[in-house]
Q: 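My questions will all concern the structure given below.
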Number of protein chains: 2
Amino acid sequence: MTAPQTARRGRPGYSREQVLQIAVALFNEQGYDATSVSDLATRLGLTKSALYHHFDSKEQLLELALDSALGGLEGALDAAMEHDAVAEQLNEAIRGAVRVLTAQQPQVTLLLRLRGNSPVELAALQRRRAFDQRLSSLVRRAQHEGLLRDDIGAGTITRLIFGMINSIVEWYRADGAIDPQGLADDVLSVAIDGLRRPTAR
Amino acid sequence: MTAPQTARRGRPGYSREQVLQIAVALFNEQGYDATSVSDLATRLGLTKSALYHHFDSKEQLLELALDSALGGLEGALDAAMEHDAVAEQLNEAIRGAVRVLTAQQPQVTLLLRLRGNSPVELAALQRRRAFDQRLSSLVRRAQHEGLLRDDIGAGTITRLIFGMINSIVEWYRADGAIDPQGLADDVLSVAIDGLRRPTAR
């Protein structure tokens, strides 16, 4: 990590946070592997050496973005687990994941597209697997309590529901008409009650 | 397209189809943009010129793989639409999509990860959008017939359901324990009836 006073030496107008944001957008656009430090410097209108005043390496930018996405998801799940009832834990885990995906869409997109081609990526994938196991264990508890159907395994259910949630990063537009809170409620409702019209049941 | 007799001139042991299959696997592993013809030749143990006996360009390999994925998805939807009842059309559209995703997982993975960085990619994305519009229109008809809830817009419902379906490419293993037909039934059931335990309704 570069010290804050070093970070200030870059071209005026970019904070570290802004450089990171633009880097993540470029990684998502071109792919992380296909993006060079030169590409990023060009996008920012900085020289490579000016860019290195902000960050040590391309990998450091990736690591910070992934930590932000994973930290957000883990924090939302931690908050959900503070509820006493399993039903509330599950509802809040689903709502919380949607909130993080909409609030940190570029970072989560990067996380979901990781291929595991470097130690930083492998570490993030391992952390993501631990997160997925916590979700799966929550789904299993909800099945044991009779809240969720148990004719389908907890692993498959978790993958289908969080697959639906994760797909939001592909189409959600932060400047669009869809309210994140309303979307979180819709996702929860579709996941739990399905799409069949209630009166047709 | 190279003529069949030309394709035979490559190293014995690779058919055109096998070269394509290995190329798609490599594109998914490294990203299409980050994969060079040299990378592919190395993976195949061929010289670049031997590889060019099979295919004209990296882009041609991409185009064939995307056409295979899109053709499969469109064909499954066409078959679903031959049913008379909208309920059957919807059920078969969902089941058919799961079947194509499991049968053509590498090609569909490539399709779903496209960024639109070239004319071939943009053409495939446009064809995918047309496919998505057919699905959305089917969901809308099912809402009008009272089969599906209409408190959530057809666009959001389509994205959530096919987001769930598309996420299957991320974790399905063709050599694993999950039967594609059983998975198609599970996905349909979760989509329509949700996860709540029936007796708890």
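Just so we're on the same page: letters track the sequence lines, and every chain starts at 1.
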Q: I'd like to know if the side chain of Arg159(A) and the backbone of Met164(B) have a donor-acceptor N/O pair within less than 3.5 Å.
A: no
Q: Can you establish whether the number of heavy atoms outside Asp84(A) located under 6.0 Å from its atom CG is more than 12?
A: no
Q: Name, in order of residue number, those residues of residues 23-43 of chain B that have a heavy atom at a distance of less than 4.5 Å from a heavy atom in chain A; otherwise write 'none'.
A: Phe27(B), Asn28(B), Glu29(B), Gln30(B), Gly31(B), Asp33(B), Ala34(B)
Q: Within a 6.0 Å radius of atom CD on Gln126(B), are there more than 12 heavy atoms belonging to other residues, nucleotides or ligands?
A: no
Q: Would you say that Arg197(A) contacts Leu148(B) through its side chain, given a criterion of any heavy-atom pair below 4.5 Å between the two side chains?
A: no
Q: Based on non-hydrogen pairs under 4.5 Å, which of Ile178(A), Ile168(A), Leu160(A) is most in contact with chain B?
A: Leu160(A)
Q: Side chain, backbone, both or neither: which part of Asn166(B) has a non-hydrogen atom closer than 4.5 Å to chain A?
A: neither
Q: With side chains defined as the heavy atoms from C-beta onward, is the minimum distance between Leu147(A) and Arg196(B) less than 4.5 Å?
A: no
Q: Roughly how far, to the nearest 0.5 Å, is CD1 of Ile161(B) from CG of Leu195(A)?
A: 4.0 Å
Q: Under a 4.5 Å cutoff for heavy-atom pairs, which residue among Val190(A), Ile165(A), Asp186(A), Asn117(A) has the most contacts with chain B?
A: Asp186(A)
Q: For chain B, which residues from residues 92-116 of chain A have at least one heavy atom closer than 4.5 Å to it?
A: Arg113(A), Arg115(A)
Q: Do you know which of Ile157(A), Asp150(A), Val139(A) has the most heavy-atom pairs with chain B at a distance under 4.5 angstrom?
A: Ile157(A)
